[in-house]
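Notes for the one structure printed next.
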Amino acid sequence: MRAAVIVFPGSNCDRDLRVAFERAGAQVSMVWHKDTELPAGVDMVAIPGGFSFGDYLRCGAIAANSPICRSVVAHAERGGHVLGICNGFQVLTETGLLPGALMRNAGLKFICHNSELRVETTDSPYTAGYAKGQVIDIPVAHHDGNYTAAPEVVERLQGEDRVAFTYCDNPNGSVADIAGILSENRRVLGMMPHPERAADAGHGGTDGAALFDSVVGQMALA
Amino acid sequence: MKARVHVMLKSGVLDPQGEAVRHALGSLGFDGVEGVRQGKVIELDLAESDATRAEAQVREMCEKLLANTVIESYTIELT
């Protein structure tokens, strides 16, 4: 399985994400935001956490309009897989690949701590390696992770089983405790918590590793 | 010509920063502030001199980048 990690000025989880994918057996290339094409044969595009373009204007807004993002959107529209973590989730909502928006945390503070998440669905390549209802310990680190969407959008996400993860103890005010959501075809996942920071014993926890193992494993079979 | 774009959170979207400002005003003794909404102002210097075309351009900029219309609304002033 070939993955591409997009790098923007201000990305800071790009190398962690690369290591997490490589550990799961993927071949990973790093792709600069000014590139216009993804490397040939890429199955999975990953958009890392960080502060792309200094969070100027709105988190993820300028990255979402960068040259490479046009190719990322085209990849998703062709049915390709895209994973956006933290700032990557913000970028995915700004491109319109995922519904809703991430606003300033309800408590206004940057939060940085471990957070218990509940796996809400196993029906996705990312979450198939967990059990439904399983509680996993994954770090969060963000200032703008307050997921917001119109009530009918939230209802639709819940009705279509597209909420991937919820917070057990909501740290940021997200509607319906939402921590991560899937696209309609279930191949695009955006989440605020950082599974790549819980993917090696040296991180202090490995609950995030199953996400990478699962998606890389499923795509190797396909 | 110049354009000034006001971007505000839509009514109905809770504005945590505005709420914090309201609390701070209250603690300074400014009673009776029943609501605070915080937004941003973006000033643009445009080469275009025709107001109709300028407004159409700025509207497109707002839709594509300057505002996130999922949560924000915008108004355009041309001078």
Side-chain angles (χ1 to χ4, degrees), chain A residues 8 33 52-67 69-70 73 87 89-111 142-154 156-157 170-176 178 181 190, chain B residues 2-30 33-48 54-78:
Chain A
F8 298 105
H33 69 111
S52 58
F53 299 91
D55 280 350
Y56 291 172
L57 190 63
R58 291 181 308 278
C59 302
I62 295 179
N65 289 285
S66 63
C69 270
R70 282 188 273 278
V73 171
N87 189 220
F89 185 13
Q90 294 162 341
V91 172
L92 291 179
T93 60
E94 284 283 344
T95 59
L97 285 175
L98 291 174
L102 282 314
M103 290 181 46
R104 181 53 45 99
N105 292 342
L108 299 176
K109 294 205 169 88
F110 187 95
I111 54 169
H142 58 249
H143 207 166
D144 298 80
N146 180 351
Y147 182 74
T148 306
E152 61 273 16
V153 173
V154 175
R156 189 167 164 213
L157 288 171
N170 190 336
N172 55 25
S174 290
V175 61
I178 287 173
I181 56 170
Chain B
K2 289 182 192 298
R4 181 174 289 168
V5 176
H6 292 255
V7 180
M8 295 295 295
L9 286 173
K10 286 180 175 169
S11 57
V13 176
L14 181 72
D15 176 4
Q17 294 183 93
E19 268 304 284
V21 171
R22 190 175 69 81
H23 282 291
L25 289 172
S27 66
L28 285 170
F30 293 103
V33 180
E34 287 173 357
V36 177
R37 307 285 286 169
Q38 183 180 313
K40 47 194 149 193
V41 177
I42 301 166
E43 291 184 334
L44 304 165
D45 248 325
L46 302 171
E48 180 60 66
E55 180 166 358
Q57 276 178 14
V58 176
R59 191 163 298 280
E60 196 181 348
M61 293 176 202
C62 288
E63 292 289 332
K64 287 193 170 163
L65 179 66
L66 299 180
N68 178 345
T69 54
V70 174
I71 48 170
E72 294 170 330
S73 60
Y74 59 86
T75 55
I76 300 167
E77 261 176 66
L78 292 170

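Most heavy-atom pairs under 4.5 Å with chain B, from the set A149(A), A101(A), G107(A): that is A101(A). Contact tally against chain A (heavy-atom pairs below 4.5 Å) for V70(B), L65(B), D15(B): the top residue is L65(B). Of the listed residues A67(B), P16(B), A20(B), the one with more heavy-atom pairs under 4.5 angstrom with chain A than any other is P16(B). In terms of heavy-atom pairs under 4.5 angstrom with chain B, the leader among L108(A), T93(A), N146(A) is L108(A).
With a 4.5 angstrom heavy-atom cutoff, V7(B) does not touch chain A via any of its atoms. When heavy atoms are compared at a cutoff of 4.5 Å, L14(B) approaches chain A solely by way of its backbone atoms N, CA, C and O.
Counted by atom type alone, E77(B) and H6(B) present one or more donor-acceptor pairs between their side chains at under 3.5 Å.
At least one donor-acceptor pair closer than 3.5 Å links the side chain of N105(A) to the backbone N or O of G145(A). D45(B) places no side-chain N or O within 3.5 Å of a backbone atom of K2(B) that could act as its donor or acceptor partner.
Taking 4.0 Å as the cut-off between side-chain N and carboxylate O, E72(B) and R58(A) count as a salt-bridged pair. Between E60(B) and K64(B), at least one side-chain nitrogen of the basic residue sits less than 4.0 Å from a carboxylate oxygen of the acidic one, meeting the salt-bridge criterion.
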